[in-house]
J.: 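Encoded as structure tokens, here's the structure I'll be asking about.
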There are 2 protein chains.
Amino acid sequence: MSVQERKQRERAERERLIVATARELAEQQGWDAVTTRRLAERIEYSQPVLYSHFRGKREIIGAVALQGATELAGALRAATVTADGPRARVAALARAYLDFAARNPAVYDAIFQLDGGLAYAQEDTPEPLKGAFAALQESLGEVAGNGVHAGLFTETFWAALHGLATLTRARRLPPEYIEQRVELLVDRLALV
Amino acid sequence: MSVQERKQRERAERERLIVATARELAEQQGWDAVTTRRLAERIEYSQPVLYSHFRGKREIIGAVALQGATELAGALRAATVTADGPRARVAALARAYLDFAARNPAVYDAIFQLDGGLAYAQEDTPEPLKGAFAALQESLGEVAGNGVHAGLFTETFWAALHGLATLTRARRLPPEYIEQRVELLVDRLALV
DNA sequence: TTGATTGTCTAGCGGCGCTAGGGTCGAATC
DNA sequence: GATTCGACCCTAGCGCCGCTAGACAATCAA
């Protein structure tokens with residue numbers, strides 16, 4: 001059975017390679033440049049091999065999204081544990097979120113803009129996505145204020161961050177004053 | 001000279017037809033379905049005719065975006081004039097904005113998500129885009145609060161609306177409770 | 001009437017996501 | 001160790017895409 005196991009391992013390894021390569025290519029040249037041909041060439045296999053791992057390009061985007069969501073959740077938690085008090089936690093959370101979006105634009109798109117065939121905000125939502133939302137809510141739930149549902153507050157605050165992240169990167173918002181906008185958001189939305 | 005004028009009129013009319021058809025097709029089946037072939041077929045001309053009006057598909061998206069921005073500005077102003085007092089104006093503005101995004105998803109994408117080759121937040125930004133932002137600022141500037149720059153406040157509030165609009169439509173946010181989220185935003189961000 | 005110009009179309013280029021079908025090569029059997 | 005068999009991967013190609021070159025027809029000017 002050792003031969004089969006080795007093959008399974010190699011297959012899993014190749015799948016990781018595909019996802020990592022897609023992500024890398026997307027960050028380097030944008031998702032439009034991630035074509036099945038280019039991707040196949042980079043991993044040094046032919047195109048059809050991709051389809052033995054994923055149903056299509058959409059699923060590859062989805063895989064990158066899940067990986068990214070896990071990292072995002074980690075980054076958010078890492079940023080908030082060291083902060084002192086609810087207000088500081090929320091501020092750190094907001095900065096970490098926007099920082100992640102700015103540093104990993106392609107991954108951010110995979111999670112929040114592109115169609116990766118994933119279910120969001122439902123029961124069958126994959127764990128990494130739920131986890132990322134949970135990471136947001138852990139800090140934001142503290143400052144929702146009386147009578148305001150924590151989930152609803154988290155969604156709204158998150159939407160504001162998402163708007164800042166996407167409009168800035170799509171050059172719809174001038175890149176200056178990011179910090180002031182975050183301050184404004186935290187000051188007004190978070191009740192300490 | 002009347003012949004030339006007639007030709008010019010006809011050309012302009014055809015250009016309007018192209019933009020209107022692209023918009024219609026995009027709203028019906030999404031921007032992915034707006035291919036130069038389909039577009040050409042719908043206007044009953046061959047593909048190259050499109051390229052005698054626009055440099056490419058990107059410019060067609062840009063044309064739809066400009067048209068949409070003008071409409072958006074109008075919708076925002078129409079919604080705010082009847083409202084009584086700054087708080088009500090902002091609430092009406094927010095609802096009108098989200099309503100526009102929900103009713104014209106493809107146009108909204110053309111304005112705020114897709115690449116239409118337009119300049120944003122710069123001196124050479126086309127007038128319709130400046131106008132839409134101005135329409136936002138007219139109502140939002142009133143509730144920025146002391147010491148907060150009106151432009152910065154407008155950008156931040158707008159980003160929050162944009163986040164709600166896009167996340168809702170991309171099914172990242174559950175479609176219920178939209179009104180509550182808007183209430184929350186207006187209550188907290190707008191200083192009356 | 002003729003020649004130039006303008007306008008439009010047909011055809012085609014390279015590239016896309018995706019798949020059918022054939023060939024190769026290693027594992028299991030005798 | 002030879003033979004069979006099945007898993008695996010590649011070549012080739014389908015119907016699309018955005019975009020363009022070059023042929024051709026209609027119109028205008030001389």
Side-chain angles (χ1 to χ4, degrees), chain A residues 1-19 21-23 25-26 28-65 106 109-110 114-118, chain B residues 1-19 21-23 25-26 28-65 106 109-110 114-118:
Chain A
M1 285 298 149
S2 156
V3 170
Q4 284 192 14
E5 285 174 8
R6 194 202 69 226
K7 287 199 175 182
Q8 274 192 0
R9 261 183 295 134
E10 286 172 354
R11 236 189 103 74
E13 181 51 42
R14 193 172 62 180
E15 191 158 313
R16 274 191 293 276
L17 177 64
I18 292 172
V19 176
T21 306
R23 175 176 178 165
L25 192 50
Q28 283 171 358
Q29 306 178 227
W31 276 106
D32 280 351
V34 183
T35 69
T36 54
R37 280 172 178 76
R38 257 193 284 260
L39 192 48
E41 196 188 356
R42 286 226 183 175
I43 65 168
E44 295 180 311
Y45 281 95
S46 69
Q47 263 180 299
V49 165
L50 300 174
Y51 292 87
S52 76
H53 289 271
F54 302 96
R55 282 174 180 277
K57 190 181 169 179
R58 170 186 302 199
E59 268 197 8
I60 297 177
I61 295 174
V64 171
D109 280 348
L114 301 177
D115 179 11
L118 303 174
Chain B
M1 286 300 148
S2 157
V3 170
Q4 283 193 13
E5 286 173 8
R6 193 203 69 228
K7 289 199 173 179
Q8 274 192 359
R9 267 199 322 263
E10 286 172 355
R11 236 189 103 75
E13 181 51 41
R14 193 172 64 182
E15 191 159 314
R16 275 191 292 275
L17 177 63
I18 292 172
V19 175
T21 306
R23 174 176 177 165
L25 192 49
Q28 283 171 359
Q29 311 183 33
W31 276 107
D32 280 352
V34 183
T35 69
T36 54
R37 279 172 178 77
R38 259 194 282 259
L39 192 48
E41 195 187 357
R42 285 228 184 173
I43 65 168
E44 295 180 312
Y45 281 95
S46 70
Q47 260 181 302
V49 166
L50 300 174
Y51 292 85
S52 76
H53 289 272
F54 302 96
R55 283 174 179 276
K57 190 181 170 180
R58 171 187 302 199
E59 267 198 9
I60 297 177
I61 294 174
V64 172
D109 280 348
L114 301 177
D115 180 11
L118 303 174

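Nothing here was measured: the structure is a model prediction, and the numbers come from that model. Residue numbering restarts at 1 for every chain, and letters A, B, ... go by the order of the sequence lines.
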J.: Give the rounded distance in Å between these two atoms: OH of B:Tyr51 and C1' of C:dC13.
T.: 13 Å
J.: If you round to the nearest 0.5 Å, how far is CD1 of B:Ile60 from CZ of B:Arg23?
T.: 15.0 Å
J.: Please report the distance, rounded to the nearest Å, between OH in A:Tyr45 and P in D:dC8.
T.: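 So the OH-P distance, A:Tyr45 to D:dC8, works out to 12 Å.
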J.: What is the separation between atom CD on A:Gln47 and atom P on C:dG15, rounded to the nearest whole Å?
T.: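 Between P of C:dG15 and CD of A:Gln47: 13 Å.
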J.: Write down the atom of B:Phe54, the atom of B:Ala63, and the distance for their closest heavy-atom approach.
T.: CE2-CB, 3.9 Å
J.: Below 4.0 angstrom, N of the basic side chain to O of the carboxylate: do B:Arg16 and B:Glu13 qualify?
T.: yes
J.: Could you tell me how far apart A:Glu10 (CD) and D:dA7 (P) are, to the nearest whole angstrom?
T.: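 Taking CD of A:Glu10 and P of D:dA7, I get 17 Å after rounding.
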J.: Using whole Å, what does the distance between atom C1' of nucleotide C:dC16 and atom CH2 of A:Trp31 come to?
T.: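 Spelled out: CH2 on A:Trp31 to C1' on C:dC16 is 16 Å.
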J.: Taking the nucleotide of DNA chain D with the nearest heavy atom to each, does B:Arg58 or A:Pro48 sit closer to the 5' end?
T.: A:Pro48
J.: Apply side-chain contact (heavy atoms from CB on, under 4.5 Å) to the pair B:His53 and B:Glu59, showing each step before the final yes or no.
T.: CA-CA 9 Å; B:His53 289 272; B:Glu59 267 198 9; over 6 Å; no
J.: Taking the side chain as everything from C-beta on, heavy atoms only, tell me whether A:Ile61 gets closer than 4.5 Å to A:Asp115.
T.: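 The answer is no; the side chains never approach within 4.5 Å.
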J.: At a heavy-atom distance below 4.0 Å, what parts of residues 32-40 of chain A sit against DNA chain C?
T.: A:Val34, A:Thr35, A:Thr36, A:Arg37, A:Arg38
J.: Have a look at B:Arg14 and say if it touches a base, only the backbone sugar-phosphate, or nothing, with a 4.0 Å heavy-atom cut-off.
T.: sugar-phosphate
J.: For A:Glu59 and C:dG17, what is the distance between atoms CD and C1' respectively, to the nearest whole Å?
T.: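 So the two atoms are 14 Å apart, to the nearest Å.
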J.: Taking everything shown except A:Arg58 itself, do over 12 heavy atoms lie less than 6.0 Å from its CZ?
T.: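 Not more than 12 within 6.0 Å, no.
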J.: What distance separates A:Ile18 CD1 from A:Ile43 CD1, expressed to the nearest 0.5 Å?
T.: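 Taking CD1 in A:Ile18 and CD1 in A:Ile43, the distance rounds to 4.5 Å.
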J.: Atom NE2 of A:His53 to atom P of C:dG17: distance rounded to whole Å?
T.: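 Going from NE2 in A:His53 over to P in C:dG17 covers 17 Å.
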J.: What's the closest nucleotide to the side chain of B:Lys57 if the choices are D:dT11, C:dG17, D:dC19?
T.: D:dC19
J.: Rounded to the nearest Å, what distance is computed from the CG atom of residue A:Leu50 to the P atom of nucleotide D:dC10?
T.: 10 Å
